[in-house]
Amino acid sequence: MSARHHRSRVSSNRPATVPTATTQQQFKAALNAIATDDFAGAARLLDSVLLVMPQNPDARCLRGICANHLGDHDRAVRELRRGLRSLGPVAPDTCDAYNEFAIALRGIEQFDEAEHVLRDVLAVAPDYAEAWHNLALVLQSADRLDEAVGAARRASGLQPENAGALLLLGKMLRTQGRLLTARSVLERAHAIEADDVSVLTTLGNTYFYLGEIDAALACFRRTTELHPDEPVFHSNYATMLTHCRRYEDATREHDRAFELAPRNSDIVVRRAALLLNLGRLREGWEAYEHRLEANPRSRRWTGTPHWNGGDLTDKTLCVYREQGIGDEIMFAGCYDELADRARHLVVECDPRLEGLLRRSFPNTTVVAQLDDQDSDSVGTSPARVHPDVDIACAAGSVLQYLRTDLASFPDRRATLVADPDAVTTWRNRLEREVGPGPYIGISWRSMIRTAERRLEYTRLDEWGPILRHADAGAQFVLLQYDQCEREVAEAERRFGIRIHRWHDLDLMNDFDNVAALITNLDLVIAPRNAVAMLSGALGAPTLAIGNVGDWAECGTGQLPWFTSLECVNRRVDGAWTPVLTEVATRVTRLLAGESPVYDQTRRKATV
């Protein structure tokens with residue numbers, strides 16, 4: 001087993017006080033079963049022992065350890081707590097049992113108590129690598145990543161040849177965004193366990209985030225060679241190939257994964273991204289439907305009939321959100337068509353979009369949908385029936401009926417309408433508080449700042465070619481909606497410019513006022529985040545910076561959902577410098593009185 005020495009310290013140094021030869025035999029058989037990782041068999045034997053000797057602390061602790069390994073952490077906590085109460089405080093011969101107790105506590109998300117137990121263990125046994133390893137996991141679960149990395153370093157320092165300890169440290173460093181250090185640690189793990197698929201997968205992802213594409217693909221390819229009949233490894237490799245736009249190879253690997261596991265929802269959904277990238281929209285949206293099976297909690301109103309694309313003339317249809325707010329804005333382009341088809345349309349949306357959608361779709365009933373409100377978890381709650389509609393549909397499921405080919409995307413500039421009074425207010429504020437334009441809104445990342453997401457985004461300190469246009473009269477307006485004041489202040493100092501922002505504007509939550517501000521801007525520059533989606537839906541001139549090959553491009557290299565939005569893309573293995581240089585030339589065009597966004601005939605997949 002891994003770093004959990006449960007086989008000796010709980011029992012062998014203390015006689016198991018059992019009254020019969022049969023019970024003694026069962027206890028010894030349980031120890032042997034545990035030694036061969038037969039935890040289910042050991043649990044049955046220990047249950048028999050405990051029927052005879054319910055107060056036996058060793059049997060009680062071992063039963064808890066078996067429950068831990070069988071995934072029943074609630075029982076593990078009960079059994080270990082009861083056994084350890086009899087054994088007393090942490091001592092050298094009970095450290096393993098207490099370590100197992102902490103594992104069980106983490107399993108039921110009792111992180112504070114788990115940490116307390118582990119620190120007691122480490123006070124007795126400071127060189128106990130397994131306890132440091134588990135403390136790292138507890139601290140990570142409690143969102144204390146910096147402390148978790150410190151504990152993981154102690155564990156790997158005590159066991160420098162333990163690939164599992166290095167793997168955990170590498171994963172945590174990658175989560176911190178310390179990709180180069182993570183790569184170094186993971187390469188050490190790979191040198192120890194060259195064919196460990198967990199190490200290969202984690203190292204492959206890290207190479208990918210660093211833009212080392214060939215090395216990344218080699219790692220994923222190796223997992224398929226080691227396990228040619230495991231569908232998940234073919235699916236992982238295919239997903240990576242899709243990101244790299246190596247579609248022929250990706251098709252081969254996706255087909256192999258699908259052949260091995262045609263009913264695996266995760267594998268089918270990953271294949272959907274490839275199909276959409278190939279422009280095979282009908283097949284792609286059909287495969288995309290499996291996302292609802294892969295994530296049952298995203299389904300709502302499961303007791304109400306699901307719309308299958310049929311006639312809506314005499315039906316009231318409810319469309320509910322099930323993605324992030326950027327995708328929700330993108331899918332909202334279908335709502336007016338649904339409203340025309342149905343007797344009546346009800347839209348459940350993110351609360352931040354409620355006012356904007358009501359104004360944009362006046363003949364539709366728009367209600368705020370809370371994350372935990374009325375969601376159905378298949379198998380754990382009764383199917384819910386919507387009281388006011390005839391049929392229901394997830395927002396993303398509409399696409400298989402309304403966006404079956406590129407011709408079905410409407411050629412219209414705007415989907416959403418900002419509040420006219422707020423538009424006037426912001427026009428006046430810009431003129432009064434900023435001065436004459438042109439006004440350029442900027443955002444450079446999503447709020448989610450994982451290592452994977454960093455591959456998709458630039459940094460503001462790389463925007464010099466763009467921001468220096470302030471000297472020629474460009475007025476830059478902040479649209480970045482997370483904590484970014486330090487980055488903004490540093491960019492202002494570094495480039496000698498002013499980025500205009502208002503402390504009374506909540507860029508994260510006040511979408512009505514953000515929409516009104518964007519409506520007054522001459523250009524918005526953003527990655528493919530909620531800012532770009534909102535700007536495109538409002539019909540504002542928008543340049544979206546990103547990696548080519550996103551499924552939402554539907555094989556075009558652009559986003560056909562918005563006509564006023566142009567994607568300025570790089571290949572995933574390319575540099576950001578040509579993209580930022582191209583955006584800078586568009587700002588030059590704007591200052592010269594020309595359109596910064598090319599018409600659709602001039603747009604390219606990549607710069």
Supply the atom-to-atom distance [X] [atom1] to [Y] [atom2], rounded to the nearest 0.5 angstrom.
| X | Y | atom1 | atom2 | answer |
| --- | --- | --- | --- | --- |
| Phe220 | Thr201 | CZ | OG1 | 5.5 Å |
| Leu559 | Asn569 | CG | CG | 8.0 Å |
| Ile391 | Lys315 | CD1 | NZ | 6.5 Å |
| Glu354 | Glu348 | CD | CD | 11.0 Å |
| Leu479 | Leu505 | CG | CG | 8.5 Å |
| Asp311 | Thr313 | CG | OG1 | 3.5 Å |

Mind checking ring-ring contact (aromatic ring centres under 6.0 Å, His included) for [X] and listing every partner two or more places apart, or none if nothing turns up?
| X | result |
| --- | --- |
| Tyr288 | Trp285, Trp551 |
| His386 | Trp301 |
| Trp561 | Phe409 |
| Tyr335 | Phe361 |

> So Asp249 and Arg252, salt bridge (charged side-chain N to carboxylate O under 4.0 Å, His left out) or not? Walk me through it.
Replying inline: CA-CA 5 Å; Asp249 292 337; Arg252 182 192 65 247; 2.9 Å; yes
Backbone N or O of [Y] within a donor-acceptor pair of the [X] side chain at under 3.5 Å?
| X | Y | answer |
| --- | --- | --- |
| Asn547 | Leu455 | yes |
| Thr206 | Thr202 | yes |
| His469 | Ile466 | yes |
| Arg341 | Leu312 | no |
| Trp426 | Arg429 | no |

Minimum-distance pair of heavy atoms, taken over all atoms of [X] and [Y]:
| X | Y | result |
| --- | --- | --- |
| Phe562 | Ala537 | CD2-N, 3.6 Å |
| Cys393 | His306 | CA-CE1, 3.9 Å |
| Gly284 | Leu276 | CA-CD2, 3.8 Å |
| Pro438 | Asp522 | CA-OD2, 3.2 Å |
| Ser265 | Ala294 | CB-N, 3.7 Å |
| Cys244 | Ile213 | SG-CG2, 3.3 Å |

Is any side-chain N of the basic residue among [X] and [Y] closer than 4.0 Å to the acidic one's carboxylate O?
| X | Y | answer |
| --- | --- | --- |
| Asp512 | Arg352 | no |
| Arg221 | Asp214 | no |
| Arg445 | Glu456 | no |
| Arg271 | Glu253 | no |

> Tell me the salt bridge (charged side-chain N to carboxylate O under 4.0 Å, His left out) pairs involving residues 551-572, sequence neighbours left out?
Replying inline: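 Counting only pairs at least two positions apart or across chains, the salt bridge (charged side-chain N to carboxylate O under 4.0 Å, His left out) contacts touching residues 551-572 are Arg528-Glu553, Glu566-Arg586, Arg571-Asp573.
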> Which residue pairs satisfy the salt bridge (charged side-chain N to carboxylate O under 4.0 Å, His left out) criterion with at least one member in residues 534-549, sequence neighbours excluded?
Replying inline: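 Listed by first then second residue: nothing to list.
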>> Once salt bridge (charged side-chain N to carboxylate O under 4.0 Å, His left out) is applied, do any residues pair with Arg498, and if so which ones, sequence neighbours excluded?
In response: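 Expected list: none.
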>> Applying salt bridge (charged side-chain N to carboxylate O under 4.0 Å, His left out) to Arg501 and Glu485, what does each step give before you reach the verdict?
In response: CA-CA 10 Å; Arg501 51 206 184 273; Glu485 182 60 32; 2.9 Å; yes
>> Just checking His500 against Phe476, ring centres under 6.0 Å apart?
In response: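 No; Phe476 has its ring centre 6.0 Å or more from that of His500.
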Compute whether any side-chain donor of one residue and acceptor of the other, for [X] and [Y], lie under 3.5 angstrom apart.
| X | Y | result |
| --- | --- | --- |
| Arg270 | Asn236 | yes |
| Thr365 | His344 | yes |
| Asn529 | Ser443 | yes |
| Ser298 | Arg321 | no |
| Trp502 | Glu433 | yes |
| Trp463 | Thr458 | yes |

>> Please enumerate all residues that pass side chain to side chain contact (heavy atoms under 4.5 Å, CB included) together with Arg263, with sequence neighbours excluded.
In response: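 Applying side chain to side chain contact (heavy atoms under 4.5 Å, CB included) to Arg263 gives none.
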> Of all residues at least two apart in sequence or in a different chain, which pass the side chain to side chain contact (heavy atoms under 4.5 Å, CB included) check with Ser564?
Replying inline: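 Checked Ser564 against side chain to side chain contact (heavy atoms under 4.5 Å, CB included); matches are Arg413.
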> So does Arg343 have more than 12 non-hydrogen atoms from other groups sitting under 6.0 Å from CZ?
Replying inline: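 More than 12 heavy atoms, drawn from other residues, nucleotides or ligands, come within 6.0 Å of this atom.
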>> A quick test of your reading: do over 12 heavy atoms of other residues, nucleotides or ligands sit less than 6.0 Å from CD of Glu431?
In response: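 More than 12 heavy atoms, drawn from other residues, nucleotides or ligands, come within 6.0 Å of this atom.
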>> Working note: Arg493 + Glu490, criterion salt bridge (charged side-chain N to carboxylate O under 4.0 Å, His left out); need CA distance, chi angles, decisive distance, verdict.
In response: CA-CA 5 Å; Arg493 184 200 63 77; Glu490 174 58 25; 2.5 Å; yes
> What's the verdict on salt bridge (charged side-chain N to carboxylate O under 4.0 Å, His left out) for Arg291 and Glu322, showing C-alpha distance, side-chain angles and the deciding distance?
Replying inline: CA-CA 10 Å; Arg291 76 197 183 283; Glu322 33 99 18; 3.0 Å; yes
> Can you name the side-chain hydrogen bond (donor to acceptor under 3.5 Å, both in side chains) partners of Asp599, sequence neighbours left out?
Replying inline: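 If we apply the side-chain hydrogen bond (donor to acceptor under 3.5 Å, both in side chains) test to Asp599, skipping adjacent residues, the hits are Thr601.
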>> Just to verify, what does Gln558 make a side-chain hydrogen bond (donor to acceptor under 3.5 Å, both in side chains) with, not counting sequence neighbours?
In response: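 If we apply the side-chain hydrogen bond (donor to acceptor under 3.5 Å, both in side chains) test to Gln558, skipping adjacent residues, there are no hits.
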>> Please evaluate residues Thr563 and Gln600 with respect to the criterion side chain to side chain contact (heavy atoms under 4.5 Å, CB included), reporting the C-alpha separation (whole Å), side-chain torsions for both, the decisive distance (0.1 Å), and the verdict.
In response: CA-CA 8 Å; Thr563 60; Gln600 296 186 54; 3.6 Å; yes
> Is the cationic atom of Arg603 (NZ for Lys, CZ for Arg) positioned less than 6.0 Å from the six-membered ring centroid of Tyr598 and within 45 degrees of its normal?
Replying inline: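 Relative to the ring axis of Tyr598, which defines the angle, Arg603 lies outside at least one limit.
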Could you list the donor-acceptor pairs under 3.5 angstrom formed by side chains in residues 415-425, with sequence neighbours left out?
residue	atom	partner	partner atom	Å
Asp419	OD1	Asp421	N	3.1
Thr424	OG1	Pro420	O	3.2
Thr425	OG1	Asp421	O	3.1

>> Using side chain to side chain contact (heavy atoms under 4.5 Å, CB included), reason through Leu274 and Tyr247 one step at a time and then give a plain yes or no.
In response: CA-CA 7 Å; Leu274 171 65; Tyr247 294 142; 3.6 Å; yes
